[in-house]
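I have placed the structure first, in the form of structure tokens, so that the comments after it can refer back to it.
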Amino acid sequence: MQSLQVYNSYTRQKESFVPIVPGYVGMYVCGPTVSGESHLGHARPFITFDVIYRYLMHLGNKVRYVRNITDAGHFEEEGREAEDKISKKAIIERLEPMELVQKYTNLFHWAMRQFNNLEPSIEPTATGHIVEQIEMIKKIIAEGYAYAINGSVYFDVKKYAEKYPYGKLSGRILDDLLESTRDLENQEEKHNWQDFALWKAAPPEHIMRWESPWGEGFPGWHIECSAMSTKYLGTQFDIHGGGMDLLFPHHESEIAQSTICNHRVPARYWIHNNMITINGKKMGKSYNNQIRLTELFTGDHPLLAQAYSPMTIRFFILQTHYRSTLDFGNEALQAAEKGLRRLWEAHLALQKMNWVAGGPQNAELDQKIRRLLSGLDESMNDDFNTAKTMANLFEIVPTINSIKDGHIQSGSLAEDTFMQLKKYFTDYLENILGLRDESGAEHSKLHGVLDLLIEIRKDARSRKDYVTSDKIRNQLQQIGILMKDEKDGKMSYSLE
RNA sequence: GGUUCCGUGGCCGAGUGGCUAGGCAGAGCUCUGCAAAAGCUUCUACAGCAGUUCGAAUCUGCUCGGAACCUCCA
């Protein structure tokens, strides 16, 4: 079997994934800025990297997954208005900055739980690592690649580019960068306009501020990731991930800072997920076209035809390869909802089945199932192709349903194939893709009531009292419970 | 303007030289008291033009259309 291949943004090609220390993987993913509510676009990287995290563990690795919380705030426009995004919003909402940050952090964590994302190993905050950031800036100054001026510190991009491949990650050529036409205050402080801030002096009205060797201020917007990834994963680690929109300047700057400070490129594999678009345009604050997660879950948004559950969204996202754009649309979401139900019901049915010897062996079918199962691993190993993986799972569904309906005997498969089938479905659906039941299975009393209704309905049907049996089924349907008559005379139900 | 990427059937979306993608929707049949679900069968593709090749959705060139980044951004 082909080993795990990963598309590395840094080299622009697929490469075999080999951890620095075999069996151990360090992964850093850029987390949310908690100055506002998460939208659909934010869901993608965290679901994508959750699956990557799960799959790396599935392969037997011990993974340290670090995902930061950016709670220090960055500039809307660096240098123009000395107003921190977070402190600005705080004034509007009349909240303490940390109160605001706490509120959106809580909301973010809530959303992550809705999506069934595993918690990262470490979730460091920018405000909790001011000391580490200052230390790093000091080192960069000592190396001669940064300069302090008027209480701010800037990274000397031009000098760096003379010796190191600045722009390699983002495919940028320094001279080709479009010079900003805006009038920026404090621009004259910089030696070159490409230089970026490591530390910014805080004007008096700025609420978030810390003491530093250069005066009171706050960290620039790339240094936190460099400082925290170095602290928790070392000077060089395996994977650095995030959205494609972070390639430049964020990750390019991280590489520059870390390279000077630690004398090596920080991460070996750079993985970037593509954007979610809406009407062909990236969903983002610049376009003012976001659909917040809370709106998605409730359906309360003009663009939404209905509410979509967290698992529907997870499924929707994973049905596309992470490096492709994914276009939002009600039809697509509804297709995902139905597809998920079909897949999940087959999974539930499969787990209840047992292999029973007997019936004619079907070698061809057995081969096909085995081929599809190994295709699951192959697809995931091919740069985490969850779209292909899910297509494979769907191809197995008719066989599962045929066994369930008695069209095929479980014994027509080899016992080992059947057991593998059950194992793979659980591994892939629950452990790797991270899907879970949303039917409200926790209401055990409800299940008792439904079992009673099933009994009554069975009695009614046996007396050909279809008025009663239809009444039970129809009224349950009205409150969102589907009762189905199965082939074997049993009844099943599913909660919407 | 620079850099990069994309254009697949009604919708979403895999696939990078020859072999069925898959999901949703549509059509037919089977099963069923009915319904739903399910099973089987089935229709609609590779933006356009030219080239390379025995053979291209897949490689090359051009044209048209769209996007991302270059500014906070997942």
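Keep in mind that the numbers below use all heavy atoms, side chains included, and drop hydrogens, waters and symmetry copies. The sequence lines fix the lettering, A, B, ..., with proteins before strands; numbering per chain opens at 1.
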Flag the pair A:Arg473 / A:Asp470 as yes when at least one side-chain heavy-atom distance between them is below 4.5 Å, and no otherwise. yes

Donor-acceptor pair under 3.5 Å: do we get one between A:Asp470's side chain and the base of B:G33? yes

Take atom CG of A:Leu333 and atom C1' of B:G23, then tell me their distance rounded to the nearest Å. 13 Å

Nearest whole angstrom, please: distance from the C1' of B:A37 to the NE2 of A:His407. 12 Å

Spell out yes or no: do the side chain of A:Arg473 and the base of B:A35 have one donor N/O and one acceptor N/O closer than 3.5 Å? yes

Spacing between A:His222 atom NE2 and B:C72 atom P, to the nearest angstrom: 7 Å

Any donor-acceptor pair under 3.5 Å from A:Asp465 side chain to A:Thr468 backbone: yes

Between B:C73 (C1') and A:Asn273 (CG): distance, integer Å: 12 Å

For nucleotides B:C54 and B:A14, find the distance between their P atoms and express it as a whole number of Å. 33 Å

From the candidates B:A74, B:U4, B:G22, the one with an atom nearest any side-chain atom of A:Arg12 is B:U4

What nucleotide among B:A14, B:A74, B:C24 has an atom nearest to a side-chain atom of A:Ala387? B:A14

OP1 or OP2 of B:G15 sitting under 4.0 Å from any side-chain N/O of A:Asn385? yes

Counting only side-chain N and O atoms of A:Lys388, is one of them less than 4.0 Å from OP1 or OP2 of B:G22? no

Taking the inter-plane angle between the rings of A:Phe394 and A:Phe315 on a 0 to 90° scale, is it parallel (under 30°), tilted (30 to 60°) or perpendicular (over 60°)? perpendicular

Considering only heavy side-chain atoms of A:Ala391, the closest of B:A21, B:A14, B:A37 is B:A21

Could one point to a donor on the side chain of A:Asp485 or the base of B:C34 with an acceptor on the other under 3.5 Å away? yes

Any donor-acceptor N/O pair under 3.5 Å between B:G23 base and A:Arg342 side chain: no

Identify the residue among A:Phe155, A:Trp221, A:Phe248 that makes a ring-ring contact (aromatic ring centres under 6.0 Å, His included) with A:Phe196. A:Phe155

